[in-house]
Amino acid sequence: MANQNVKIVTLVIDGKDVSAQQGQTIMQVAREAGIYIPYMCHVEGLSNIGACRLCLVEVQGQRRLLPACTTEVAEGMVVTTNNERLRKYRQMIVEMMFAERNHVCAVCVSNGHCELQRVAQKLGVTHVRMPYLHPKLPFDASHERFILDHDRCILCTRCVRVCDEIEGAHTWDVRGRGTESRVIIDLDQPWGTSESCTGCGKCVNVCPTGALAEKGRATAEMTKKRQFLPYLTIMREEDWA
Amino acid sequence: MPNTLIIGYGNPLRCDDGVGVRAAERLATRDEEVDASPSPPEGIAVIACHQLTIELAPLVAAVERLILMDACAEGEPGTLHERNLAPAALDIGSLSHHLDPRGLLAAAQILYGRAPAAVLLTVSGGSFDYGEALSPAVAAALPQLLARIRQLARA
Amino acid sequence: MDTRTIVIDPVTRIEGHGKVTLFLDEAGQVADAHFQVTDFRGFEKLTEGRPFYEMPAITARSCGICPVSHLMASAKACDQIMAVRIPDTAVKLRRLMNLAQIVQSHALSFFHLSSPDLLLGMDADPAQRNIFGLMQKYPQLARDGIRLRQFGQSIIEWLGDKRVHPTWVVPGGVSAPLQPAVRDRIAAGLLEAFTIAQRTLDWFKNNLEKYQEEARNFGNFPTLFMGLVTPDGELEHYHGRLRFTDANGRVIADALDPTRYMDYIGEAVEPFSYLKSPYYKPLGYPDGIYRVGPLARLNIIDRCGTPKADQEWAEFRAVDRRAVLSSFYYHYARLIEILYALERILQIVNDPHILDKHVRATAGVNALEGIGISEAPRGTLFHHYQVDENGLIRRVNMIIATGHNNLAMNRSVLQVARRYVRSDRLTEGMLNRVEAVIRAYDPCLSCSTHAFGDMPLEVRLVGPDGAVLDAVRRG
Amino acid sequence: MTLEELLQRAAEEREKQAAFRHTIRVCVAAGCLSAGSDKVKAALQAEVEARGLKHTCQVKGVGCLGLCSVGPLIAVDDAYCRNVTPEDAGGIIDRLGDRPAERLYLSAEMPFFARQQKIVLENSGRIDPERIEDYIAADGYQALLYALHEMTPAEVIREVTESGLRGRGGAGYPTGLKWSTVAKADGGGQKYVICNADEGDPGAFMDRSVLESDPHRVIEGMAIAGYAVGANRGFIYVRAEYPLAIQRLRAAIRQAERAGLLGNEIGGTTFDFSIAVRLGAGAFVCGEETALMASIEGKRGQPRPRPPYPAESGLYGKPTLINNVETFANIAPIIRKGGAWFAAIGTEKSKGTKVFALAGDVQNTGLVEVPMGLTLRDVVFDIGGGIPNGGRFKAVQTGGPSGGCVPEQYLDMPVDYESLTKLGSIMGSGGMIVMADTACMVDVARYFMEFCMTESCGKCVPCRVGTAQMYGLLTRITKGLATAEDLQLLEDLCDMVRNTSLCGLGQSAPNPVSSTLRYFRDEYLAHIAGRTCPAGKCEMVADPEKEVA
């Protein structure tokens, strides 16, 4: 390991005393302690952006809720990962994700393997209180092997990050503001015409929903493989000198 | 052989019409991380389907107790109704491909010699439009419905 | 709706409520009859701009009664867009599911919807003349029906993941090979199914005499018949070519390429119905009226192609050597088709290659248009998709069985009404028969939102001045 | 330039100007310019020239004189003239030394001018923003050179801390504390100072006006900050929609560089400090500090979670001090006159003055600077002159789209950070919109929500979707389509968006809704239950059933 002198801190998560290495995030430590914190934009192996707000937790002495994925642990920290208030917020956030685009689980390629569906299930989201925004969105099937279905996109930007940070192509980005935001390829061109895309498929595999999928997969047939990510990350972090 | 059969029926692509199906799906699956309630214990079977059809009759006849869950169009959305059902050979129109719950019991009674004690729980729907989502009032009633079913199933 | 909306022909809008309007002339005779079904909307929202390979799942969800039929036609349309020849075993497995669907659908139609009319009599007290009256009087028959239906449903369930909307049928084939255990379970159930099918058929034939009055007046008129046949002229539910025969049993068009259906099927629009009225183009409208479904299929073929069914078919055709014209015989045809389907299922499960693992062809978009056709229990089903170069749906057209039969159903209602309407009031006997004749076609009318109650049939009697003389709501 | 040289140049310039018997100051800030003040200035100059008065009367372009609603505005010695046209030039010169014509005359004694106290704007409308000499004559750059020569960085920070100055960008964070945090941070030799001039609130133009009227003031404040925290590079992030401000700022930077007041070895010391201008492309969210820094770095302008705070890890990951234009504009006077002097102005917790852009249904719209603690009533009715055309006051909205609406019963509350927060609004950057009773409060909330919705950067879900949902609900209410459940959902959304959004934009986006719900709930209920708009502003849909389907 690169650093022999890792500093250890102790903290309390949900009433449980836990120890952690300094520099770890609340998310990492909670997971090690077997405490589930929901998330959507986070994925192990990529940078954290704290955008989906599902992993917000209460930290004693902090006025604001903090994202567990970007907040580093500190000595004596007292963290609450789940209570009435947090559940309520998380449910509403998931509802908003559903209401923003056109999610039709029943016919979706990721039905049954979808992280959004799974989180909704875990959080007990059985309905969406808010009106659906029903945007008219294009479907990009111009790539030979993959499809981009904006109807199922939740703008977690995992694709953007994996392409930039792991593949190094930076084919993906985001354009527009607010609900007009959309993931784009190169300068917002059809995927099939992209010259920067290496066709590696990492974006497809990190996508939590059916927004990015392999072409031709029928309903419920799209499963994502993500094992490559921690592997690549570890290999790159390893100090070979 | 289970002694209790729970059937939730309706069209989950027509919003509140699917409340029975959603409830059945919830009862049939268990997520330990969020839901402390147990999956159906021994002796309880759960079926989710579009409509009550005649081939359910032999299954119904084989159990001690039948619990049905459905949506209804009448009433303030989200209201839970419960009533005990007795077999009744009610004709519901012979162009239709499905059965009335009491008819299902009657079919079990007539064809297989017995009909279980049965209770029908319905939730008044608010929206029967195209869509997968339950309307707020109905969704709010779902936990209540599930709690009642679990209570009934335990009794 | 904005301009991007794909307009799905109202032909697809078949789920809803049925309505019959009878028009009286000055003399108090029935001059015309309209059978119409109400609007069905929202479907297009799910399909526009979506990739073609989602269509099987989407269209299967458009109908809770016959999802398998839509799956077949849709998957075949998709195969065409991919321009693939799907593996032989996949074809057999798709056939297997389609046959199972025919068994269960016909079982429901015959045993539980129509047999009360047949067994208890058209004029019996409606309190008795229903499924429960049937159960009381003929419990074995009712149980037989349940067993057959269960058998068909179970096969579909075992093959697909879910019973209501199997997603196992996919563009290019099926998503998973057949498991040996499933094959064995199907084989194990066949014996009982054969027994039931044969028993019921024998019983029906023995009682045919009693129904001569009905047979004469139930949609008994000359029309063309249409359906798929094999290259050898045998009964076919999955592939094949289209054949038209006329009322004299003569083949008037054969080996038509189903994908060119627009060349020989026209679609007339009647203001009173959302259903388009298809007709055989060369004969024009309305002379090109034709029927589809079990009766049509048995009328157009040269033989069934399986031993038991062929034997029954020979007897059936003896009813009228030219063509069996009365829609009453749809019931008869259904029973023969059940037998045929069971024979074919037996052949398939005994096929040495049926457990083959190669069941799916993969490909991208290789054609911008795909037309899938299959024989649904109720008749020929067309799915016609146009896609852009990336395979996104631009236009969808579907013609369903109830659509093909629309003209015939109208005429059948008219015929029954003329025979039984004798005043400016709707009588029980007349209403029973109107219902029964519609039932013979087993149209897909069940309301997709079942919470609103059951498929009501509204019958209205309209005088020459347009005044509604009487109206009855049944159901 | 050393301090002595600077003082000498100041004295020279003052002497030069003192030679004139009369000074006519013509506002050439964006507002008056757009009303044609450049032509007025030319006409006056021509007139002066023609009459051979050019040695006794100087005509100079100056920054904002404040009362924008009656521009072009000019000051003839101590009197103001409003709505001046080039044709008025002759008459004005005729009456030099006398009171201007009644039609033009505005007394400096009128409350709008008299009740203001100017620190930030002390040079606005007095000096020529395009001449560094004018700024130097007004004691400019003395604070910088004094600090460099006579004070340690710690002493500078102590002075700022003692002044009690709080961030003028909106949140009111103690400036001294922020500086000392950055000063203590270890940047490995590299730190940055950023001036946030990405003023985006609708109707707000405080920063623009400061930059157009007194750009050197900001530069000087930044340089002092750089010295205090140990940074030698500065960025000013200005929105591209402010071309005049950008032009003057760039000119000022060049002048300061030439004068040795920016660049290497400033004032003969070892302190180096350079400033670069960066233009924003008009995204409101880029006013948020982390988004602003991302934008400077050439990335998509989106905020990131804090901590780490910029003081620790800011621009390019280095410790960064980021303050707003008005905050920097306060620095030079504080150093010059001492923190104690500044701390004596204002209230216990809010020191100094605040600049407001007064707008809406008020007689005198324009830019005002008042000591903290003045009441809203003083600002709206005394300085602002009350509601025009005999209208009735309904509410005043402070803090821009993130602010709240304060109703009449709280008009006597002092304007300071704490009081406004208590009322459910915020100080914000200084927008102040007065509303008469013709305004529908639901419609007002909807207007601001639309702004927040379209300006949401789209990164976090609560802000991106929550604002769109709230906008949809508010629209339903204004159309008479909403139900009691919709109102409940709206309130739940307010709570959720406030508490879960990533940055200040989202966190404060519900403010206009919550504050109007708090004070004008009856108006919401009238729209929902009664399907009427009490202000008569909203048109109810005739047939709600139809609309829903």
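The shown structure was predicted, so the numbers you read here are calculated from the model rather than taken from an experiment. Order of the sequence lines sets the chain letters (A, B, ...), proteins ahead of strands, with each chain counted from 1.
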Side chains of residues 116-124 of chain B: which donor-acceptor pairs under 3.5 Å do they make with residues two or more places apart or in other chains?
from, atom 1, to, atom 2, distance (Å)
Ser124(B), OG, Glu74(B), O, 2.7
Ser124(B), OG, His81(B), NE2, 2.6

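Contacts between residues 142-149 of chain B and chain C, defined by a heavy-atom separation under 4.5 Å, are made by no residue at all.
Here CD1 of Ile54(B) is found 11.5 Å from CZ of Arg143(C). Values are rounded to the nearest 0.5 Å.
Looking only at side-chain heavy atoms (C-beta outward), Arg149(C) and Thr53(B) come within less than 4.5 Å of each other. The side-chain heavy atoms of Pro58(B) and Arg147(C), taken from C-beta on, include no pair separated by under 4.5 Å. Ile146(C) places a side-chain heavy atom less than 4.5 Å from the side chain of Leu111(B). In this structure, Ile110(B) and Lys137(C) have side chains that are not in contact, with every pair of non-hydrogen atoms separated by 4.5 Å or more.
In this structure, chain C has heavy atoms under 4.5 Å from both the backbone and the side chain of Ala107(B).
Looking at every heavy atom in both residues, Phe132(C) comes nearest to Ala106(B) through CE2-CB, 3.8 Å.
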